[in-house]
Protein chains: 2
Amino acid sequence: MANSVAQDSGESLLFLTDEQVRKGIEAMFFAYRGFTADPDRILEGMDYGRAHHRAIHFIHRSPATTVSNLLMILGVTKQSLNRVLRSLIEDGLVEALVGKRDKRERHLHLTEKGLALERSLSDAQRVRMRSAYRAAGPAAVQGFRQVLEAMMDPELRRQFQTLKEGGV
Amino acid sequence: MANSVAQDSGESLLFLTDEQVRKGIEAMFFAYRGFTADPDRILEGMDYGRAHHRAIHFIHRSPATTVSNLLMILGVTKQSLNRVLRSLIEDGLVEALVGKRDKRERHLHLTEKGLALERSLSDAQRVRMRSAYRAAGPAAVQGFRQVLEAMMDPELRRQFQTLKEGGV
DNA sequence: ATTTTAGGACAGCCTTGTTGACTTTCCAAG
DNA sequence: CTTGGAAAGTCAACAAGGCTGTCCTAAAAT
């Protein structure tokens with residue numbers, strides 16, 4: 001195999017072997033398990049799962065967002081989101097305010113209780129993220145983000161970048 | 001917020017704001033969707049899903065692996081894997097050979113048909129991966145892998161590294 | 001001879017994805 | 001002004017794929 005060619009710190013990307021790309025794929029698989037592990041642990045036992053976490057995350061990120069907007073970001077169907085949203089609203093974590101201008105729309109907000117859960121979830125996830133960043137070093141973090149962004153579907157990348165603007 | 005502090009290309013990781021780490025989290029979420037999109041597209045319509053893909057991937061990666069070994073790698077329960085494996089065997093994509101030394105064990109292999117599907121799945125995924133690598137550049141790829149590896153649970157990291165040895 | 005291990009089968013549950021039918025509201029064309 | 005279509009949201013019903021738990025066989029280990 002032409003392993004030795006690409007082994008030299010990846011100076012010549014065009015010669016990356018299939019095996020090396022495959023390792024990237026596996027790394028992605030194992031890392032994602034780690035990535036979701038901490039929030040999953042917190043959610044288990046409560047009646048919630050990953051779907052609730054995602055909804056909470058993005059409502060917190062973009063307060064007063066509508067259901068449709070959330071649908072686009074999450075990439076699921078209306079009913080999947082609706083079920084999750086209903087339980088969050090019933091439990092008093094999320095508030096849905098009828099739109100002023102367009103009464104068809106519901107503007108979603110986290111309540112105090114919702115904010116508290118969001119904080120505990122994202123704290124846990126950030127701890128892991130931050131420690132991975134620290135272990136890998138600043139340059140690696142830069143590269144990490146570049147590759148992730150290049151890996152997204154163009155449409156998702158635009159949404160991601162739109163979200164970014166508020167944040168940075 | 002202290003955004004300006006960490007804005008300087010992450011030279012000082014200890015001062016990365018929560019917002020910046022949060023963006024890493026979102027990047028991971030959106031990138032994973034892209035990561036699974038191509039195989040999902042291929043699988044849809046066939047009777048298979050992501051679970052089948054994962055099994056096929058790791059059987060191809062470690063031929064003659066046993067069921068227990070696969071269970072550890074995938075991190076699912078016997079029943080979850082068994083359901084998947086049964087359909088793959090019935091459809092003639094996977095062969096389970098009784099162990100020579102230990103007849104309790106089944107050694108799993110892909111058949112020609114299984115290899116063909118594996119190839120089409122991993123080709124699709126590699127195309128995306130490779131183009132992301134190319135877009136981000138060699139240094140970024142290095143960093144990408146470092147952060148992913150640091151993000152894994154220690155136990156999974158060991159398994160990942162064990163798998164790597166065969167490959168690199 | 002007994003216990004442990006690898007694997008398989010089956011029942012039944014839960015989360016979260018899907019589609020499709022149904023309101024309510026808004027807007028624009030007649 | 002009305003009416004017809006599009007958009008936002010709700011709900012019912014189903015499927016995939018996780019999970020647990022139990023029971024079974026065959027082989028290995030003690």
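For clarity, every value in this text was computed on a predicted model and none was experimentally measured. Naming convention: chains lettered A, B, ... in sequence-line order (proteins, then strands); numbering from 1 in each chain.
Considering CE of B:M152 and CZ of A:R128, their distance stands at 11.0 Å, rounded to 0.5 Å. Of the inter-residue distances, the one linking B:D40 atom CG with B:L121 atom CG reads 9.5 Å to the nearest 0.5 angstrom.
When rounded to the nearest whole Å, the span between CZ of A:R86 and P of C:dT16 equals 14 Å. A:R106 has its CZ atom 12 Å from the C1' atom of D:dA7, to the nearest Å. As a whole-Å value, the separation of A:R101 CZ from C:dC27 C1' is 15 Å. Put simply, CG on B:D40 is 17 Å from P on C:dT16, counting in whole angstrom units. We find that CE of B:M46 is positioned 15 Å from P of D:dA16, with the value rounded to whole Å. In this structure, B:L108 places its CG atom 14 Å from P of C:dA6, rounding to the nearest Å. As rounded to whole Å, 9 Å separates atom P of D:dG17 from atom CG of B:L43. Here D:dC19 presents its C1' atom at 11 Å from CD of A:E44, a figure rounded to the nearest Å.
The base of D:dA28 has none of its N or O atoms less than 3.5 Å from a complementary donor or acceptor on the side chain of B:R104.
Using a 30° and 60° split on the angle between ring planes, B:H57 and B:H53 fall in the perpendicular class, above 60°. Classification of the B:F29-A:F58 ring pair by plane angle, with boundaries at 30° and 60°, yields tilted.
A salt bridge does not link B:D38 to B:R126: none of the charged side-chain nitrogens sits closer than 4.0 Å to a carboxylate oxygen. Ion pairing between A:R61 and B:E19 holds under the 4.0 Å rule for side-chain N and carboxylate O.
The stretch residues 73-85 of chain A touches DNA chain C through A:V76, A:T77, A:Q79, A:S80, A:R83, each having a heavy atom within less than 4.0 Å of the strand.
Note on A:H52: a side-chain N or O is less than 4.0 Å away from OP1 or OP2 of C:dT16. Taking only side-chain nitrogens and oxygens, A:R54 comes nearer than 4.0 Å to OP1 or OP2 of C:dG17. For A:S68 and D:dA7, the shortest distance from a side-chain N or O to OP1 or OP2 is not below 4.0 Å.
Nucleotides of DNA chain C nearest to A:A51 and B:D102 differ in position, and the one nearer the 5' end is that of B:D102. With the nearest nucleotide of DNA chain D identified for both A:V67 and B:Y48, A:V67 has the one nearer the 5' end.
Distance from the side chain of A:T66 is smallest for D:dG9 among the nucleotides C:dA6, D:dG9, C:dT25. With C:dT16, D:dG17, C:dT24 as the choices, the nucleotide that has an atom nearest any side-chain atom of A:R50 turns out to be C:dT16.
Of the possible polar contacts, one joining the B:R157 side chain to the B:E149 backbone as a donor-acceptor pair under 3.5 Å is found.
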